[in-house]
Amino acid sequence: IDADPSTSAIDVIGLAPPPASTITPAPQRLTMDPKNPRAFAADENSGVLYEIDLDPLSPTYNQATSVAVGPAPFGLRGLAVNADGTRLFVAAPHRRTFGSGAGFANSDTEHILVLDVSIDPNNPGKLPQLVTALDAGPTPGVDYEPFAVTAGKDPNVVTFTNRGADGLGFGYIANAK
């Protein structure tokens with residue numbers, strides 16, 4: 001995102017962790033809201049979500065706010081906003097993407113987090129709120145590793161992939177609204 005189109009360089013929008021957090025921001029995935037001028041970024045190393053205001057008429061244009069969401073002790077992966085811009089779906093696996101410290105334990109449950117991102121004209125600073133954490137697969141302890149999330153034209157349908165369990169690699173969420 002070019003935060004200052006008057007310059008020849010591509011400018012960046014700074015990301016800051018939520019208050020009282022000591023994490024270093026590590027955005028991995030980005031998705032656009034199909035109905036509202038904003039984007040969301042998922043932090044790879046923690047359960048932090050960044051919301052970026054893309055409305056040029058807004059006083060917070062090209063600024064990001066952050067909010068901790070979870071359960072997501074090993075970060076967030078793919079994310080998508082449903083077609084009517086009211087729900088955000090985010091993959092929250094129980095392992096790190098790369099490196100040591102995978103974090104996997106057989107008792108861990110992996111999730112697709114569902115957040116309310118509806119616009120409230122009476123509360124313009126409203127942050128995304130967790131609605132529910134859906135299990136990424138039918139059996140606890142299986143290494144599903146939910147990864148990519150996709151929303152289509154129907155606001156009630158969202159799909160996701162589980163890259164750790166090839167035989168169970170595709171998930172379908174109905175009544176996603």
If I compare all heavy atoms of A136 with all of F160, which pair ends up nearest, and what's the gap?
O-CE1, 3.5 Å
With a 4.5 Å cut-off on side-chain heavy atoms, are I119 and K126 touching?
no
Closest non-hydrogen atoms of M32 and L54, given as atom of the first, atom of the second and distance, are CE-CD1, 3.3 Å
OG/S66 to CD/E51 distance, rounded to the nearest 0.5 angstrom?
10.5 Å
Determine yes or no for a side-chain-to-main-chain donor-acceptor pair under 3.5 angstrom, with D43 supplying the side chain and V48 the backbone.
no
Is there a side-chain contact between L79 and L88 in this structure, where contact means two heavy atoms from C-beta onward sitting under 4.5 Å apart?
yes
Taking atom CG of L134 and atom CZ of F89, what is their separation to the nearest 0.5 Å?
7.5 Å
Is any side-chain heavy atom of T159 less than 4.5 Å from a side-chain heavy atom of V149?
no
Regarding R77 and the six-membered ring of F147, is the cationic atom NZ or CZ under 6.0 Å from the ring centre and inside 45° of its axis?
no
Ion pair D84/K35, N-O distance below 4.0 Å:
no
Considering non-hydrogen atoms only, spot the tightest contact between T132 and L130 and give its length.
O-CD1, 3.4 Å
Under-4.0 Å salt bridge between D33 and R38:
yes
Looking at G85 and N36, what are the two nearest heavy atoms and their distance?
O-ND2, 3.9 Å
Run V117 and R87 through side chain to side chain contact (heavy atoms under 4.5 Å, CB included) and show every step you take.
CA-CA 5 Å; V117 294; R87 295 286 187 262; 5.5 Å; no
Identify the heavy atoms of L113 and A72 that sit nearest to each other, and give their distance.
CD1-CB, 4.4 Å
Hey, could you give me the CD/CD1 distance between Q63 and I13, rounded to the nearest 0.5 Å?
9.0 Å
Between P25 and Y50, is there a side-chain heavy-atom distance shorter than 4.5 Å?
yes
Any donor-acceptor N/O pair, E110 side chain to E145 backbone, under 3.5 Å
yes
Rounded to the nearest 0.5 Å, what separates atom CG in N82 from atom CG in N156?
8.0 Å
Does a side-chain heavy-atom distance below 4.5 Å link P146 with H111?
no
Rounded to the nearest 0.5 Å, what separates atom OG1 in T86 from atom CG in D116?
7.0 Å
Nearest atoms (heavy-atom pairs only) where L76 meets V69
CD1-CG2, 3.9 Å
Interatomic distance, L30 atom CG to F40 atom CZ [nearest 0.5 angstrom]
10.5 Å
